[in-house]
Amino acid sequence: MARVDRKAERIKRHRRIRKRVAGTADRPRLCVTKSLRHVYAQLIDDEAGRTLASASTLDKELREEVHGCNIPAATKVGELLAKRAKALGIERVVFDRGGYPYHGVVAALAEACRKGGLEF
């Protein structure tokens, strides 16, 4: 019986998703990445190849408040990213879940961004 490499399977899913999802200056791509310790989110303009805004559990504003890659941490990261996006005048984004299931941490981050005023 073949052993499943979870990371390789996630990367395959992410590549499949990225064929359809691309960000522009008007509607950047909200990219979610997570590790066992941290949650990261970026707003990316794929046409220019640059990151417009980012937030993570490593930010100075969140470092003392949150610990680990969990739902409360993802909610705080989503709220912070939405606030930064609003400051840049960004209201609509394309969601890129990064090959992760839309569940738990990824869903909490997306919902916090929606409550912060971002439209998917």
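Atom set for the values below is all heavy atoms of this structure, side chains included, hydrogens, waters and symmetry mates excluded. Position 1 is the first residue of the sequence, and the numbers go up from there.
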Review point. Honestly, is Arg29 close enough over Phe95, meaning NZ or CZ under 6.0 Å from the six-membered ring centre and within 45° of the axis?
Key: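 Because its charged atom misses either the 6.0 Å distance or the 45° angle limit, Arg29 does not stack over Phe95.
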Indicate yes or no: at least one non-hydrogen side-chain atom of [X] is less than 4.5 angstrom from one of [Y].
| X | Y | result |
| --- | --- | --- |
| Leu43 | Ser54 | no |
| Leu80 | Lys76 | no |
| Val106 | Arg97 | yes |
| Asp46 | Arg18 | yes |

Review point. Any chance the side chains of His38 and Ser56 put a donor and an acceptor closer than 3.5 Å?
Key: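 Side chains of His38 and Ser56: no pair found under 3.5 Å.
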Any carboxylate oxygen within less than 4.0 angstrom of a Lys/Arg side-chain nitrogen, looking at [X] and [Y]?
| X | Y | value |
| --- | --- | --- |
| Arg27 | Glu91 | no |
| Asp5 | Arg10 | no |
| Glu111 | Arg114 | yes |

Point to revise | Worked verdict on Cys69 versus Thr57 for side chain to side chain contact (heavy atoms under 4.5 Å, CB included) | key: CA-CA 8 Å; Cys69 176; Thr57 52; over 6 Å; no
Practice item. Give the C-alpha distance, both sets of side-chain angles, the deciding distance and a yes or no for side chain to side chain contact (heavy atoms under 4.5 Å, CB included) between Glu9 and Lys12. Key: CA-CA 5 Å; Glu9 292 296 317; Lys12 274 181 15 184; 3.6 Å; yes
If only atom types and distance count, is the side chain of [X] paired as donor or acceptor with the main-chain N or O of [Y] below 3.5 Å?
| X | Y | answer |
| --- | --- | --- |
| Arg84 | Ala87 | no |
| Asn70 | Ala73 | yes |
| Asp45 | Glu47 | yes |

Might you point out which heavy atoms bring [X] and [Y] nearest each other, and give the distance in Å?
| X | Y | result |
| --- | --- | --- |
| Leu30 | Cys113 | CD1-SG, 3.8 Å |
| Gly98 | His14 | CA-CD2, 3.3 Å |
| Ala108 | Thr75 | CB-OG1, 3.9 Å |

So if you build clusters from Ile, Leu, Val, Met, Phe, Trp, Tyr with side-chain heavy-atom gaps below 4.5 Å, do [X] and [Y] land together?
| X | Y | value |
| --- | --- | --- |
| Val32 | Leu58 | no |
| Tyr40 | Ile44 | no |
| Val39 | Tyr102 | yes |
| Leu88 | Val77 | yes |
| Val93 | Leu52 | yes |

Distance in Å, [X] [atom1] paired with [Y] [atom2], rounded so as to fall on 0.5 Å steps:
| X | Y | atom1 | atom2 | result |
| --- | --- | --- | --- | --- |
| Ile11 | Arg13 | CD1 | CZ | 10.0 Å |
| Tyr100 | Leu109 | OH | CG | 12.0 Å |
| Leu62 | Glu79 | CG | CD | 9.0 Å |
| Gln42 | Asp96 | CD | CG | 10.5 Å |

Please check if atom [atom1] in [X] has more than 12 non-hydrogen atoms from other residues, nucleotides or ligands closer than 6.0 Å.
| X | atom1 | result |
| --- | --- | --- |
| Lys86 | NZ | yes |
| Arg37 | CZ | no |
| Lys34 | NZ | yes |

**Study point:** Test side chain to side chain contact (heavy atoms under 4.5 Å, CB included) applied to Arg92 and Leu118, step by step
**Key:** CA-CA 6 Å; Arg92 298 186 70 208; Leu118 291 180; over 6 Å; no
